[in-house]
Structure formats: structure tokens, C-alpha cells
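So that the names make sense, note that chain A is the first sequence line, chain B the second, and so on, each numbered from 1. This one's a predicted model, so the numbers in the text were calculated from it and none came from an experiment.
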Amino acid sequence: MSKKVGIVQFPGTNCDYDTESAFQQIGCETEFLWYKDSEIPKDIDLVVLPGGFSYGDYLRSGAIASSSPILSKIDEFTKDGGKVLGICNGFQILLESGFLPGAMKRNDNLHFISKHHYLKVENCDNPFLSDMKKGDIVKIPIAHAEGNYYIDEVGASDLRKNKQILLTYCDENGNELNPNGSVDSIAGICNIERNIFGLMPHPERAMEEILGSDDGVKMLEGFLN
Amino acid sequence: MENLEKILKKHKLTSSDYTEIVRILGREPNYLEIGIFSAMWSEHCSYKSSRKYLSGFPTEAEWVIQGPGENAGVIDIGDGMAAVFKMESHNHPSYIEPYQGAATGVGGIMRDVFTMGARPVASLNSLRFGDVKRDDKIGKYQRYLVKGVVEGISGYGNSMGVPTVGGETSFDSCYNGNILVNAFNLGLAKSDEIFYGRAEGVGNPVIYVGSKTGRDGLGGAVMSSDGFSEETKALRPTVQVGDPFTEKLLLEACLEAFQTDYIVGIQDMGAAGLTSSSFEMADRSGSGMKMDLAKVPAREENMQPYEFMLSESQERMLICAKAGTEEKLIEIFHKWEVEAVVVGEVTDSGRMELYWGDEVVADIPVAPISSECPLVDRPISKPKYLEEISKTSEVGSIPNMEAFLKLFSSVEVVEKSWIYEQYDSMVQTNTVKQGGDLDASVIRVKENGKALAMSSDCNPRYCYIDPKGGSAAAVMESGRNVAMSGARPKAITDCLNFGNPENPEVMWQFAESTYGIKEACAELSTPVVSGNVSLYNETDGNSVFPTPSIAMVGVNESQEKVLPSVWQEEGNLIFLIGKTESEFGGSLYLKEIHDEVKGTLPEIDYKKELALWELVIEANSKGLLASAKDVNVGGVAVALGKLSAKSGFGIEAKPELDLLLFSETFSRAILEVKPEKENEFLVLAHKIGVVYEKIGKVGGSDFKLDDISLPVSQLQDIYFNTFKKIVERDL
């Protein structure tokens, strides 16, 4: 049976259609969820908080969206085993709402950065990256102004210990290359229970060779298992 | 009216304008009416100086759905899909307040596109700055402007979720007091679902949607219709403030509303805000309109009718709906948390009747204010400088190697990732070629499997030494860039940036430029479908170089066959297409080596240009090419240098050019061909009849071009690291 993906639209979300077509490409059913919805439909396997500028990034990116009605339902949804993926602004929302640890600061160079970037798979014993191997290098676009992931030393060591670091930024050969100043070059993490995932890069933009990379396919396909 | 003279001066109206107004109204105007006439008759809205020269542009072709006169032009791109596009300037505001000026330029052009029923899918920008390398205050201000403008475009465009896929930037001291910020946007729509800016059907409601009206941008259209002076910075409060979040909601609400059949017409409130949108919508349909200004949502207290009509607050639209649908329409806007209010209705009076509650505050016949705008036939005279620039310095006084390093490190040539990496270029997942990939930018069209190529070009030096030829050359170059991606050039939009039209020499430049564009567009079968004129680009009496930015859009029949403009593989053969003459007029060589903008423009030959396009398009469709790059500023040497720096592959090439390595003869390109495709390629080249020379091979770690030789790593260091050092030197 095909998996069903719910994609949340906040005011200012702009990667909703990209996310929809990416999941449809790998054979998922998709449904848009409105940020005011007070329920997550029962047949949804994965909720995606897509990228964009929810509420124009006003206040702090993700801050206002984190108090949307639908966020309060994510808790129940994940406790029942549902999975949640936050991409870019979606990741920022998951941090702001406390589903994942840490916070985002402005990029070190204080500019928006949009480019293809290499990432290294740090841990794959989780549903998201289950089709990948530790040490795999993938090329995925990044596009953010506030992607400088911060967590204190205690938190960082917990992430390492619990194998919650999913992806780190690197160069073509896997050497550390940090575009934005993130602690430990962290690009993506998950919760301890391994059903809430957040990353700054955009796998949904790396689904076809003609767009520069199709490395996003094997990442998203992890959710099909 | 008391102080009439002062009031007219403030509104930049002459006493003969006033006589006309009295004649049209049949009575004395009130203050609000003077404001309305002033805005509608401003250079910015009325094109009163330029209109004489704007007729006669080729605007028709089988594939043109909508030419100039609407909010944007529309062309058919096959399978029921249409591309909607336009380019506009936001020069004056960007010089005064770079972030907001550039941001609202982007917001404005996107509204022009989505008001036609299209979803914006790609942006380009064409930016002209002054001497960013200078050590003094001017240099510092220019670097501040570069940072502000780029951040403004980035802040607005990224938030909208519309990829900025490319553009061009150049630098010249003529822009020190007046930078140019031209924003291009392209949207996609179904070809039978295009919306127009019309208000018709007596009794149909007129609905105001979007942001509340504030006092920002008050009189902006009038401001843009004057030169700059030292006091200009005092005009900062007349620059609008952008809110991309509201615009994003407005976009989604409009696109949802377009899915219904409730809308009769829609227009964005751009320059001169509610005034121009309401008059233009009524005028296009020969209708009248009644509006109650007290119903317009206000951002500030105690706003007056004059302010409501003249404000240029951003993110607003005027909609004419079918009677009876207004509630349902308003509901859609409310879902997106966008304000929507019925402010009036369509009448058959042919008049714009404005109320404040029950009181009539203005009553103006619609047609005369548009069609009877006093046009100005400004005197023209051939500029004297043209007599003094025919003789240039001798080319070749320094070794080629030294000249190459100088040209290749010029701020005009070096790579601009510092700029384009601030733009989200990949959102919407259609971007095939983007900023930094050289030549045209390309997006694929999910709906029909094709790809659209677009390129914005203008070489102001060429336009300075020969406004007509330089403008034609801009059309040729933009088409050539598009063709290099394997797409067939289809149509252009233009943004004509000139100095003060009251200067007969500037007016001559303008006239000549339009002749050049008309000729080139006719010869190349690429009609003009939309455009914009920006005059008064002068400071303290110094006008900018004539800068007609041309953005060409072309169609590639297959998104799988987009041709790159970067070396693909070592061992491939390098062909130079087109004969190189000794043509250095307006060249980068003369500018960088001799600091002069002089000489005779390279010869224009449309047949050669078309043959080059044909060769690349056909060879690409047969799979004979690995890459293609046009030759322009800096000639063959700079083109090859960029190809090697970008790809990391060296070359070994020895064209029979000697000094002509830097010549800027038009209608040439560098093509990369696999050895096994050579014969088939040559057969085609002969058939089409182009001049070609096999000049060398791709490969190795050195860039070896005749007597120029350096490691690719050094080439890359210059290419990739120079611009950031220049622009961030104050940090």
C-alpha cells in the first residue's frame, strides 16, 4: 500500500508544491494540510513541514508558525508513531516549537545562501536515511538565511551519543566544509525516538538529473520502508 | 486656487498643462484633481516624451498572445501554455534607499505578471552600478548600493518563492549618481486563461484587495520623473516599503480567485497607485467608475482622499468582479488573510467619480486624461561627443598575456556568486541553468516538457558610441545567449533607461535606440511584447549612458536537451564560429587598457546572427554539441577563460587571431564538439553557411591560448575570488 504524506501549508510556505511533486514522484499519495487544521487525518503516515518563509520570517524564522493550531496536533501524531519531516523553514519550526533541540542563528556571513552543497550521512539507523549508508555523500541544494545551527556543548554531545546527527555539510570528497557556521557542521538531526526529522537542505529539489542532482530520491525513499 | 503657481510647480505641471486641465474639466480643478492629473501626466505614467518613438515596434507574430499595452506581454509556448513576462526599472528609489527600492521593484514586476493570471516562475535582474573600486566616498557608497540592492532583491524574491535564475551586472562611472535596477519576471499561465486590466459591465463591483494604504510612496511617479541632485536623499520618505509576506498571500489568493469565473478584470496598483489602476482599467474598456475613497483600508489615521489616490503603498490590486460574486471572492481573500473591500462600481458615464462618503471629491472624464495627455515632441540633436570618439588608442601596445590578466580580472568579467548565491535560484524545482552557468538562464516547464531560456543584456558602452547599433546589438546578444542553450528566441521585453529627455542629445540617443531595437526585432523575428521607459536618469546634469536593457525569451522544444555553456569533457574539440575582424569600438580592451569608451561599433549583420542561432539550435537538436558559449565583451580570450575557469578544464588552443583575441566582432560563438561528432557537425556548418575555425582542444590543467598561458587554478582564483574582495573591502 502506498504511503500517504500530509504537507502542511502555512501562510508564506513556498516549497509546498515542490514537496508534493517530489513525494508523488516516488509513488506516495499526498494531501495538503492547512495550518489552521485542528486534526491530522488518520491515514497520514508522514507529515512534512515544507520550506518557505512562514509569516515572512518575521520575528524569527519559524517562530510564529510554531504556535499554529496544527503544531499542537503533531505531539499526539508522533506519540502514535507518526513521522514528521521538517525541511528548511520546517526544520526551523520544529526547533522553535521544541520538537527538536537547538536553535537557528543567521548564517555566519549574514547573507542568504543558495547553492548545491555536499552532505555526509552521519547516521542511517533511522527511517529517513534507511536506504543510505553511513559516510555516503550526497549533493543537495541549500537555500537559507538562518541555517546556522546552534546547540550548547552538552546538547551537542547528547546528539552525538544518541546518534541523532543525520547529516553534516562537507565538500565533494567528504571533508568538512561549513557554509553557514553550524555547530559541528550539522545540517540535519532527529529526535531520540527517531520519528521527527529536521534538515536545512532541500532533498525535494534534488529529484532529477536535469536539475543538477537526483540524490534526494534515495533520501526521501527511506520513508517508503 | 490660492498659490496656484506653487501647487503646479510641486506637481511638475506647466501653466499650459493647467489650461488643458481646465479645458478637459470645463472648470477649475480642485487640489485632488491636480494631483491625479499630475500623476497620470507624469513622464513615468504617460510616456509623454517617449510615446512618439514607441509606436512602430514590431509587436506581432503568430506566437504573440498579448503585446504591449497590458500589465505584461504574453507568448504562446505550446500545448496550451503561455509565458507572461515584463521588465521594469526601479532606478530612482534604489539609489535613494537600495534595499527597499530594489525589493519593491521585484514586488512590482511580480504583480504585473500575476495580475495576468500567471504564476511567477522565474526572475532576472539587470543591475548597473558606478565605480565600486574607488577608494573615496563615491566608491564606498557604490559598494553600499551593491549590498543593499542585492539584499533587497534576495529578501523579496526568496520570500515569494520565485527563483531568481540569472541576470547581469556592469559597472561604469556614468552610474555613480544614478544606478539602474531593472527587474524581469516571467510567469506561466494556461493560454486561454489570461486575465486583463479591464473594468467593464455597468454595476459590476470594484474591489480593493491587498495591503492597507499608507502614506508611503506618495508622489513616487512624479519623483521618478525628475533628475537627481544633492537634495535627492531628502526624498527617502517617498520610497515605498515592501512586504513580501503580504505579497505572497496576495499571490496565492489571486491565483485561487483566478480559478473561479468571478473576475472581469484585475490590475496591480503600481506607480501612481489607485489613480493609475482605476483610470487605466476604466479607459481600456471605455467605461466609467465610481469609488468611495472612505472605504479604502487605511494604514494611518486621518488620511485624505488625495493621499489615498496618490499613495504608492505596495502589495495592492484592484479587481472588477461580476456583480453578485463579491462575497464569494472576498471570502477567498480572507482565507489568505488578505484585506478585500468593495470600494466602487463600474458605470457607463465615461467619468471617474470619486466620493468621500456622500461628498463628490473629484469628477474627471476618463478618456481625455489618458488619450489627451499633452505629448511632448522634444527637440533632438546628435551629441557632440560622437565627433570626438571615433579615434581610439592603438591596440596591442602591451603583450597579450598582460592584457588578458587585466581584462579577465575586470569587475565586469569576474564571477558574481557573491550576488547570485544570495538569490534562491532553485525553488519551484524547474531551474536547469542559473546564475554562474554562463549565457542564458533556463527553466523547464513541467506542464509541457519544454524549457524556457531567458537572458537580459545590454552593453552600455556600445550604446554610448552608437545608440542605434548598440541597442540592436543588445537584442542580438540576448537572442544569441538564448540560442546557445538550444532554445529558439521568441520575443523580447525592454526597459529603456536614459538620461534627461529635456536634453536634446539624450532625446536623440533615445530616438536612435528605439530605431535600433525596431530594426533588430524585425530582422530577427523577435517582437517586443512589453516594456518600460525610465527617463531622467541623471545627476547634477550628468546623464547615464543609454542603457536599453533587453530581455529575450526563447523556447527549447525539449527540457532534456538544454545545452550547457561550460566545457563538458576533456578531449573535445573547440570551434570558433564567425569571422573575427579588428573591431574594438566600445570594447572592454579599450576600457581596461586605455580607459576609453570610443571607436566605431562592430558591424551588424543580422543574417550572420540568424545563421549562428540556426546552427546551434539545429546541431543541438541532433545531439552534435557538448556546449556552446557566445563571444562578447573581451572577445574570444575572455570567453575561453570563463569556460575553463568554470569547468576546471584547461585548453590548448591557437586560433589565427593574434591581437584579435580581444576583438568584439558580433555574431560569434565557441562550440564544444565531441571528436566523433565532428564530421556531422561540419556538414551542418557548411549547409547553414557559417565561417568556422577549429581552434583547439579541451583538456589539461593549463589554460594555453596562443601566447597566453597560465594554470587553470590561477584562472579560477581570479575568476571566483575577485568580486567578493571588491565588494566586501569595507567590512
Structural part of A/Glu209 lying under 4.5 Å from a heavy atom of chain B: neither

Whether over 12 other heavy atoms sit under 6.0 Å from B/Glu331 CD: no

Within 6.0 Å of NZ in B/Lys190, more than 12 heavy atoms from elsewhere: no

Student check: side-chain heavy atoms of B/Val427 and A/His202 closer than 4.5 Å: no

Side chain, backbone, both or neither of B/Lys335 within contact of chain A (heavy atoms, under 4.5 Å): both

Neighbour count >12 (heavy atoms, 6.0 Å) for atom CD, A/Glu39: no

Interatomic spacing from OG in B/Ser558 to CD1 in A/Ile210 - rounded to 0.5 Å: 8.5 Å

Contact class of B/Thr431 relative to chain A, heavy atoms under 4.5 angstrom: backbone

Engaged part of B/Asp243 at the chain A interface, taking heavy atoms whose separation is under 4.5 Å: both

Verdict with reasoning, A/Asn14 to B/Lys248, per side-chain contact (heavy atoms from CB on, under 4.5 Å): CA-CA 9 Å; A/Asn14 66 29; B/Lys248 170 71 172 154; 3.8 Å; yes

B/Glu252 side, atom CD; A/Gln9 side, atom CD - distance, nearest 0.5 Å: 8.0 Å

Parallel, tilted or perpendicular: rings of A/Tyr55 and B/Phe245 (30°, 60°): tilted

Closest-packed option against chain A by number of heavy-atom pairs under 4.5 Å, given B/Ala451, B/Gly161, B/Gly155: B/Gly161

Distance, nearest 0.5 Å, that separates CD of B/Glu560 from CD of A/Glu208: 8.0 Å

B/Ser159 side-chain N/O to A/Gly56 backbone N/O, donor-acceptor pair under 3.5 Å: no

Distance, nearest 0.5 Å, that separates CD1 of B/Ile419 from NE2 of A/His111: 10.5 Å

Within-4.5 Å side-chain heavy-atom neighbours: B/Lys446 and A/Tyr17: no

Closest contact, heavy atoms only, B/Leu249 versus A/Gly12: CD2-N, 4.1 Å

Chain B contact via A/His144 - which portion, at a heavy-atom distance below 4.5 Å: neither

Nearest-0.5 Å distance that lies between atom CD in B/Gln422 and atom CG in A/Leu110: 10.0 Å

B/Asp424 bridged to A/Arg205 by N-O distance under 4.0 Å: yes

Other residues, nucleotides, ligands: >12 heavy atoms within 6.0 Å of A/Lys4 NZ: yes

Heavy-atom closest contact (A/Lys36 atom, B/Glu337 atom, distance): NZ-OE2, 3.4 Å

Any side-chain heavy-atom pair of A/Met207 and B/Thr429 under 4.5 Å: no

Separation of B/Gln428 CD from A/Ser21 OG (nearest 0.5 Å): 10.5 Å

Region of B/Gln559 in contact with chain A, defined by heavy-atom distances below 4.5 Å: both

